[in-house]
Amino acid sequence: MEERPSRILPVIMFSQFAGTSLWFAGNAVLGNLQAELNIGPGSLGYVTSSVQLGFIIGTLVFAFFVISDRYSPRKVFFVCSVLGALSNLGILIPAEGLPLLLTFRFMTGFFLAGIYPVGMKIAAGWFKKDIGEALGYLVGALVLGTAFPFLLKATGGAFDWQSVVLSVSAVSVSGGVLMLVLVPDGPYLSTGTKFNPKAIPVIFGSKGLRSAAFGYFGHMWELYTLWAFVPVLLSAYGVNNGEAVNVPLWSFAVIGAGGIGCILGGFISKGRGSAPMAFYQLLASGLCCVLSPLVFFAPAEIFLGFFVFWGIVVAGDSPQFSALVAVKAPREYVGSALTIVTSIGFFITIISIQSVGYLAEFVSAEYLMLFLVPGPVLGLAALWGSVRHEKNWQ
């Protein structure tokens, strides 16, 4: 068996971080874009959802044509990192109004389908028994990548908004190059069956998979909507309480904290199992939804600490749900199950983001996150039977 070089995991992690930094690049500079393009605050939901929609379509296309099986996944990753970076640069093209911006964000999301899932496949080619732990690190890198544009924006005078966009694209390309040059195809790299949409009844006929999938759906109802509206919530707190809140910096802290949850969750799940780990993190994030209005009346230290904790638990269950879906799916349909469940989950994020964006026009910011409560509640209900009757799903 080929020995795994020590560089493999760090390079995959950095490349995953670099590629997924494209995800919220538009959100990080949205205030500037709203001024440049004369578009209203309601554009937040559309900009975020266009990336999500692009990712959904891209995931289905890549799966249907078995792209990462026909071609070396590291080459697919490289090409998509470059094309995603170029799509991201479309933000800089002068235009009037929203349609062109949404088109480029959609394209960015489409090519992210060749980065996030393909990066996981590359890792699976090098890790076998320790894939769960590796997955925790990789999703943690994804979370940090998602938060990274906000960190660049937080540097203030060091980077104008155009430089933020350029920097994110450059980082994405560098990640693709490193993956191509330093990570050869691994000894466990496998080819999957062609995506089969007719497998849906078979897949959801599995009680264990239904439990994992519906838990994941509840998690996704909350996750990306919280991430999208973190800057709105931070700004509202600052305005309402007369506090000077560095919105980009704390947006980075809240979103990026999810990386801690992913890594810690991966370690703990080795002894406790993925289902309990996912359950308790989803429970904690659901409680944060319920308590969120109260912290708007708390001192800044408590408010910001609360949101950083929420950032940890809201993302920390992501790799555990992925592991559960993979374990509980019928073996001949693992690839199709992951594709179907992921696509439905991201479609749910669009509904949630657009709904909260609509409510934001009528509801005070401190009450917006109450709308997310049903997601964790339904997810917990789906997981409860499995947590109660199975000590360890893995």
For Tyr280, does the OH atom have more than 12 heavy-atom neighbours from other residues, nucleotides or ligands under 6.0 Å away? no
Going hydrophobic residue to hydrophobic residue with side-chain gaps under 4.5 angstrom, can you get from Tyr137 over to Phe14? yes
Tell me, do Trp227 and Val314 make a side-chain contact under 4.5 Å, heavy atoms counted? yes
Less than 4.5 Å apart, any side-chain heavy atom of Val51 and any of Phe55? no
Do Tyr71 and Ile67 come close enough that some side-chain heavy atom pair is under 4.5 Å? yes
For Phe347, does the CZ atom sit with more than 12 other heavy atoms under 6.0 Å from it, leaving out its own atoms? no
Minimal heavy-atom distance between Ala85 and Val173, with the atoms involved, is CB-CG2, 3.6 Å
Looking only at heavy atoms, what is the nearest atom pair of Pro231 and Phe150, with distance? CG-CE2, 3.8 Å
Between atom CE of Met277 and atom CZ of Phe321, what is the distance when rounded to the nearest 0.5 Å? 11.0 Å
How far does NZ of Lys153 sit from CG of Asn27, to the nearest 0.5 angstrom? 12.5 Å
Please test Trp384 against Phe279 for ring-ring contact (aromatic ring centres under 6.0 Å, His included), starting from the C-alpha separation and ending with a verdict. CA-CA 8 Å; Trp384 173 244; Phe279 182 89; 5.6 Å; yes
Rounded to the nearest 0.5 Å, what separation is found between the CD1 atom of Ile312 and the CH2 atom of Trp310? 14.0 Å
Between CG of Leu22 and OG1 of Thr108, what distance do you get to the nearest 0.5 Å? 6.5 Å
Stepwise ring-ring contact (aromatic ring centres under 6.0 Å, His included) check, Phe214 with Phe217: CA-CA 5 Å; Phe214 282 95; Phe217 297 156; 5.4 Å; yes
Would you say the side chain of Val76 lies within less than 4.5 Å of the side chain of Phe62, judging by non-hydrogen atoms? yes
Please check if any side-chain donor atom of Glu366 sits under 3.5 Å from a side-chain acceptor atom of Ser292, or the reverse. no
Min side-chain heavy-atom separation Thr155-Leu249 under 4.5 Å: no
In short, Arg105 meets Gly26 closest at the heavy-atom pair NH2-N, 3.5 Å
Joint hydrophobic cluster, Leu294 plus Ile302, side-chain heavy atoms closer than 4.5 Å: no
Under the criterion ring-ring contact (aromatic ring centres under 6.0 Å, His included), which of Phe111, Tyr224, Phe17 is the partner of Trp23? Tyr224
Between the CZ atom in Phe64 and the OG1 atom in Thr59, the distance rounded to the nearest 0.5 Å is 15.0 Å
Closest heavy-atom pair and its distance - Gly119, Leu138: O-CD1, 4.2 Å
Could you go through the ring-ring contact (aromatic ring centres under 6.0 Å, His included) check for Phe303 and Phe296 one step at a time? CA-CA 7 Å; Phe303 174 83; Phe296 276 83; 5.2 Å; yes
So, for Phe362 and Tyr358, is the gap between ring centers shorter than 6.0 Å? yes
